[in-house]
Amino acid sequence: MRNIFAVRRRGSGASVWNVLFWWTLTLWLMRLWMRICYKNRRFGMEHVPASGPFIIAANHQSNFDPVIVGTVAHDRVYHSIARATLFNSKILAWLMERYGVIAIHRGESDTKAIRRAIEVIKRGQGAMIFPEGTRTADGNIGEFQRGLWLLIKKTKVPVVPVGFDGAYDAWKIGTKPKVFGMIEVRVGKPFDGETLIEMGEEEGMRAIRDSIVQLHEECQASINQRLQ
């Protein structure tokens with residue numbers, strides 16, 4: 001088990017308060033809530049790099065997703081890339097600022113957001129992106145946008161695939177969140193950034209997407225088995 005008080009390793013320059021309060025205490029409470037209400041199970045947390053910069057790429061099913069990813073990647077400070085419209089809510093904007101969320105304008109090539117993500121990665125921290133760019137409309141994983149590849153190309157750091165299921169049923173687009181449900185999340189082995197660059201954009205992105213799809217399907221199968 002990794003040392004939660006290893007602030008320098010976990011935060012790579014983040015303050016003690018930020019690491020121990022926001023990335024330890026509050027995320028522990030979120031994990032407890034997810035466990036009680038959504039029977040959340042987590043697998044593969046050892047695949048999140050213990051130190052050094054990284055990119056997390058995950059599928060996108062609901063507004064719960066940043067918390068779901070946080071339940072498996074809480075050992076490290078990272079900056080999520082989220083749509084700018086979420087900052088319209090003052091309360092949500094305040095919370096996202098505490099976690100260093102980077103705003104990106106959907107459907108646009110937001111070079112400012114990508115530059116900010118590159119900066120935090122070069123500081124030794126991580127960036128988390130939903131490559132689909134928006135929440136799924138049917139529970140399945142859609143095509144990936146180029147934002148992920150731009151980060152890989154500019155930083156060449158490990159890419160950690162994360163796949164989960166159950167969030168779509170708990171809070172699909174256009175509905176209110178359910179109080180109870182069942183969610184599982186799995187972390188796959190990281191892809192080496194240099195190797196992905198050598199593979200080229202099409203093959204590299206396909207490899208990442210295939211990994212996330214497989215992780216998602218494993219979670220889906222496990223949930224279906226638990227429901228039987």
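Heavy-atom basis, side chains included; hydrogens, waters and symmetry copies ignored. Since the model is a prediction, treat every value here as computed from it, not as a measurement.
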Item checked: Passing option when Glu184 is tested against Arg42, Gln220, Arg226 for side chain to side chain donor-acceptor pair (under 3.5 Å) -> Arg226

Note to self: Within a 6.0 Å radius of atom CZ on Arg98, are there more than 12 heavy atoms belonging to other residues, nucleotides or ligands?
What the structure shows: yes

Check: Does a salt bridge link Arg9 with Asp75, judged by any charged N lying under 4.0 Å from a carboxylate O?
Finding: yes

Item checked: N/O donor-acceptor pair under 3.5 Å between Tyr168 side chain and Ile173 backbone -> no

Check: Among pairs that include at least one residue of residues 148-165, which meet side-chain hydrogen bond (donor to acceptor under 3.5 Å, both in side chains), considering only residues two or more places apart or in two chains?
Finding: Gln61-Asp165, Asp165-His216

Margin query: Is it the case that the side chain of Gln145 and the backbone of Gly133 share a donor-acceptor pair, with hydrogens and angles ignored and the cut-off at 3.5 Å?
Written below: no

Item checked: Residues, nucleotides or ligands: over 12 heavy atoms within 6.0 Å of Ile91 CD1 -> no

Notebook entry, point to check: Asn40 side chain to Ile183 main-chain N or O, any donor-acceptor pair under 3.5 Å?
Noted result: yes

Check: Got Val77 and Asn18 here, is their nearest side-chain heavy-atom distance under 4.5 Å?
Finding: yes

Check: Closest approach of Val101 and Ala82, non-hydrogen atoms and distance?
Finding: CG1-CB, 3.7 Å

Check: Heavy atoms, side chains only, cut-off 4.5 Å: are Arg123 and His79 in contact?
Finding: yes

Next item on the list: Could you list all the side-chain hydrogen bond (donor to acceptor under 3.5 Å, both in side chains) pairs where at least one residue sits in residues 190-207, not counting sequence neighbours?
Entry: Arg146-Glu201, Asp192-Thr195

Checklist line | Approximate separation, where rounding is to 0.5 Å, of Thr24 OG1 and His74 NE2 | finding: 8.5 Å

Margin query: With rounding to the nearest 0.5 angstrom, report the CD1 to CG distance, Ile118 to Leu151.
Written below: 6.0 Å

Notebook entry, point to check: Mind checking whether Val159 and Leu196 have side chains closer than 4.5 Å, heavy atoms only?
Noted result: yes

Notebook entry, point to check: Counting N and O atoms only, with roles assigned by atom type, does the side chain of Arg31 sit under 3.5 Å from a partner on the main chain of Val72, one being a donor and the other an acceptor?
Noted result: no

Notebook entry, point to check: His60: what forms a ring-ring contact (aromatic ring centres under 6.0 Å, His included) with it, not counting sequence neighbours?
Noted result: Phe130

Item checked: Heavy-atom neighbours of Phe21 CZ exceed 12 at 6.0 Å -> yes

Margin query: Is a donor from one side chain sitting under 3.5 angstrom from an acceptor on the other, for Arg41 and Ser222?
Written below: yes

Next item on the list: Kindly indicate whether the side chain of Val67, heavy atoms from C-beta on, has any atom under 4.5 Å from the side chain of Met34.
Entry: yes

Check: What heavy-atom pair brings Ile114 and Gly147 nearest, and what distance separates the two atoms?
Finding: CD1-O, 4.1 Å

Next item on the list: Measure the spacing between CD1 of Ile68 and OG of Ser62 and express it to the nearest 0.5 Å.
Entry: 5.0 Å

Checklist line | Any Ile129 side-chain heavy atom under 4.5 Å of Ile104 side chain | finding: no

Check: What is the distance from atom CZ of Phe54 to atom OG of Ser12, rounded to the nearest 0.5 Å?
Finding: 8.0 Å

Check: Do Ser211 and Phe191 come close enough that some side-chain heavy atom pair is under 4.5 Å?
Finding: yes

Note to self: Is it the case that the ring center of Trp94 lies less than 6.0 angstrom away from the ring center of Trp22?
What the structure shows: yes

Check: Got a donor-acceptor contact below 3.5 angstrom from the Gln125 side chain to the Gly11 backbone?
Finding: yes

Next item on the list: Decide side chain to side chain contact (heavy atoms under 4.5 Å, CB included) for Tyr78 and Val69; before the verdict, give the C-alpha distance in whole Å, the side-chain angles of both, and the deciding distance to 0.1 Å.
Entry: CA-CA 11 Å; Tyr78 62 88; Val69 176; 3.7 Å; yes

Item checked: Expected output: side-chain Thr175 to main-chain Lys172 donor-acceptor under 3.5 Å -> yes

Next item on the list: Using the ring of Trp33 (Phe, Tyr or Trp, six-membered ring only), decide whether Arg35 places NZ or CZ under 6.0 Å from its centre and within 45 degrees of its axis.
Entry: no

Check: Within a strict 4.5 Å, meaning less than it, do heavy atoms of the Val162 and Leu215 side chains meet?
Finding: no

Check: Just by distance, do the side chain of Arg10 and the backbone of Ile4 share a donor-acceptor pair under 3.5 Å?
Finding: yes

Next item on the list: Examine distances only and state if a side-chain atom of Asn88 and a backbone atom of Thr85 form a donor-acceptor pair shorter than 3.5 Å.
Entry: yes

Next item on the list: Side-chain contact test, heavy atoms from C-beta onward, threshold under 4.5 Å: evaluate it for Ile55 versus Ile121 and give yes or no.
Entry: yes

